[in-house]
Amino acid sequence: MTPPKVITDPIAMRQWVLDQRLAGRSVGLVPTMGALHDGHLSLVQAAKRDCDLAVTTLFVNPTQFGPGEDFERYPRDLAGDQLLLATAGCDALFAPSVEAMFPADSQTRIDVGAAARTLEGAIRPTHFQGVATVVMKLFNIAPADRAYFGQKDYQQTVVIRHLVRDLNVPIEVCVCPIVREPDGLAMSSRNAYLSPEERAHALVLYRALRACESAFALGERDPQRLREAMLAEFAGEDGVELDYAELLLDGGMNPATPGDQAMTVVVAARVGRTRLIDNLRLGAASSAAS
Ligand code: AMP
């Protein structure tokens with residue numbers, strides 16, 4: 001078990017990736033904010049499966065947090081993350097400082113367009129601008145062959161696919177399935193905020209998605225009725241504030257329409273002070289990579 005090489009300087013990171021690629025080795029990039037769990041590690045494993053080398057980035061990106069959000073209290077555990085990355089076979093770890101990524105005079109931000117304005121974007125208006133900007137920086141700092149993202153952040157995958165296509169970024173975007181706890185809760189660094197009682201309430205998100213899935217499996221194709229199946233689950237759950245529960249045409253941010261055969265159902269809710277998101281694909285083969 002060799003620990004990953006730790007790099008904090010963007011120029012050194014870029015040189016490492018360029019050296020590897022010049023030597024004929026392919027590189028997979030896994031952007032994360034750290035506090036790693038098995039969901040993150042599944043991305044590292046996918047990168048190692050597809051590429052010769054895996055680079056994981058650990059950076060809690062201040063520009064994707066809005067005022068009053070959890071930037072300061074977001075969990076950070078560099079030593080623990082290093083150990084987990086060693087077990088997953090990660091080759092290099094990029095952990096820059098905020099000053100290295102966003103010096104005081106940094107001013108350019110990416111305007112991500114319509115896909116970033118609904119759902120998460122409506123609730124967190126500057127979130128995707130911050131995500132797209134940091135991801136574009138990471139693509140430039142670590143010019144890998146492929147980049148790995150989780151289906152867990154569905155809207156983020158839509159925004160990043162747009163970013164790569166719209167700006168001709170020479171990287172292949174791979175989206176990996178959601179990794180869940182045994183009881184169905186989607187793994188998230190933010191689950192650490194939940195008290196045992198909140199943790200129990202949080203299961204309603206997955207229950208609602210499954211209710212929708214059951215209705216879909218029985219042939220229901222009306223998004224409104226599918227949505228009602230979800231809302232019924234939330235109606236009986238105290239201590240959970242639903243932000244949204246929507247059916248989208250699979251692969252993008254357009255609302256699903258009656259009869260669509262492949263949809264993604266997305267949900268976001270607050271459990272106490274913790275905001276959780278989850279989603280499920282209905283009627284589509286699960287995408288390991290595309
Ligand atoms: P984060 O550290 O939360 O920014 O997440 C880094 C990457 O890991 C993103 O591409 C997420 O979508 C992905 N990810 C987070 N949780 C999971 C999960 N439970 N299963 C699969 N991927 C995940």
Side-chain angles (χ1 to χ4, degrees), residues 28-50 54-66 69-71 73-78 80-82 84-85 88 90 93-96 101 119-120 124 127-128 130-139 142 144 146-164 171-194 199 202-203 205-206 209 264 266-268 274-281 286-290:
L29 175 70
V30 181
T32 81
M33 296 205 296
L36 300 180
H37 51 65
D38 284 351
H40 297 116
L41 298 182
S42 75
L43 305 184
V44 178
Q45 283 149 5
K48 284 295 279 189
R49 182 193 63 213
D50 300 343
V55 180
T56 303
T57 70
L58 300 187
F59 180 62
V60 185
N61 168 30
T63 70
Q64 72 186 67
F65 290 79
E69 291 187 359
D70 56 344
F71 174 69
R73 71 178 185 125
Y74 196 84
R76 292 163 171 88
D77 179 13
L78 181 58
D81 289 347
Q82 272 177 282
L84 290 173
L85 288 173
C90 179
L93 158 55
F94 179 55
M101 291 295 279
L119 302 183
E120 283 304 288
R124 309 179 70 190
H127 174 66
F128 288 117
V131 169
T133 302
V134 83
V135 166
M136 191 67 223
K137 284 171 71 73
L138 293 170
F139 287 168
R146 291 169 162 220
Y148 293 81
F149 296 90
Q151 169 77 14
K152 163 81 168 30
D153 295 274
Y154 174 74
Q155 191 170 2
Q156 174 171 283
T157 67
V158 175
V159 165
I160 287 167
R161 283 190 196 284
H162 261 292
L163 170 78
V164 164
I171 200 160
E172 186 183 338
V173 173
C174 303
V175 176
C176 299
I178 300 176
V179 177
R180 299 180 179 282
E181 301 287 356
D183 60 7
L185 182 68
M187 289 192 181
S188 163
S189 306
R190 290 190 168 98
N191 292 350
Y193 298 150
L194 298 169
R199 171 77 179 64
L203 287 176
L205 277 83
Y206 189 54
L209 295 176
T264 297
V266 292
V267 65
T274 306
R275 200 161 171 279
L276 300 175
I277 60 171
D278 201 349
N279 69 84
L280 205 59
R281 298 181 79 193
S286 84
S287 69
S290 53

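Hydrogens, waters and symmetry mates are skipped; everything else that's a heavy atom, side chains included, is used. Counting convention: from 1, in listed order, for ligands and their atoms alike.
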statement: Interatomic distance, CG@L36 vs CE@M187, rounded to 0.5 Å, equals 12.0 Å
- prompt: Which is it for A35 and ligand 1 at heavy atoms under 4.0 Å: side chain, backbone, both or neither?
  reply: neither
task: Please round to the nearest 0.5 Å and tell me the distance separating atom OG1 of T32 and atom CG of D81.
output: 6.5 Å
- prompt: Are the side chain of N279 and the backbone of T264 linked by a donor-acceptor contact shorter than 3.5 Å?
  reply: no
field: Carboxylate-amine/guanidinium proximity below 4.0 Å for R180 and D278
entry: yes
Any N or O of L43 closer than 3.5 Å to N or O of ligand 1: no
query: What protein heavy atom is closest to atom 15 (C) of ligand 1, reported as residue, atom name and distance in Å?
result: H37 CE1, 3.9 Å
Shortest protein heavy-atom distance from atom 11 (C) of ligand 1, along with the residue and atom involved: D153 OD2, 3.0 Å
- request: Check each atom of ligand 1 against the heavy atoms of T32 and keep those under 4.0 Å away; list them by number with element.
  value: 2 (O), 6 (C)
statement: re atom 23 (C) of ligand 1, the protein heavy-atom contact at minimum distance is K152 CB, 3.9 Å
query: What do you reckon, does H40 have a nitrogen or oxygen under 3.5 Å from a nitrogen or oxygen of ligand 1?
result: yes
field: Which residue and heavy atom of the protein sit nearest atom 4 (O) of ligand 1, plus the separation
entry: M33 CG, 3.6 Å
task: Pull out every atom of ligand 1 sitting under 4.0 Å from any heavy atom of M187, numbered as shown with elements.
output: 16 (N), 17 (C), 18 (C), 19 (N)
statement: One finds that the ligand 1 atoms under 4.0 Å from a non-hydrogen atom of F149 are 10 (O)
- prompt: N/O to N/O below 3.5 Å, does that happen between C176 and ligand 1?
  reply: no
task: Hey, could you give me the CG/CG distance between L276 and N191, rounded to the nearest 0.5 Å?
output: 6.0 Å
task: Would you check whether R180 reaches within less than 4.0 Å of ligand 1, judged by its heavy atoms?
output: no
task: Decide whether a cation-pi geometry holds between R161 and Y154; the criteria are a distance under 6.0 Å from NZ or CZ to the six-membered ring centre and an angle within 45° of the ring axis.
output: no
field: Nitrogen or oxygen atoms of P31 and ligand 1 under 3.5 Å apart
entry: no
message: I need the F59 CZ to R76 CZ distance, nearest 0.5 Å.
response: 9.5 Å
query: Hey, does V179 come in under 3.5 Å of ligand 1, counting only N/O atoms on both sides?
result: yes
task: Considering only non-hydrogen protein atoms, determine which one is nearest to atom 22 (N) of ligand 1 and report residue, atom name and distance to 0.1 Å.
output: G150 CA, 3.6 Å
- request: First locate atom NE2 of H127, then atom OG1 of T63, and finally report the distance between them rounded to the nearest 0.5 Å.
  value: 9.5 Å
- prompt: With respect to atom 21 (C) of ligand 1, which of S188, P177, A186, G34 exhibits the smallest heavy-atom separation?
  reply: P177
query: Within the side chain of K137, is there an N or O that forms a donor-acceptor pair under 3.5 Å with the backbone of M101?
result: yes
- prompt: For I277, which of D153, V267, V266 qualifies under side chain to side chain contact (heavy atoms under 4.5 Å, CB included)?
  reply: D153
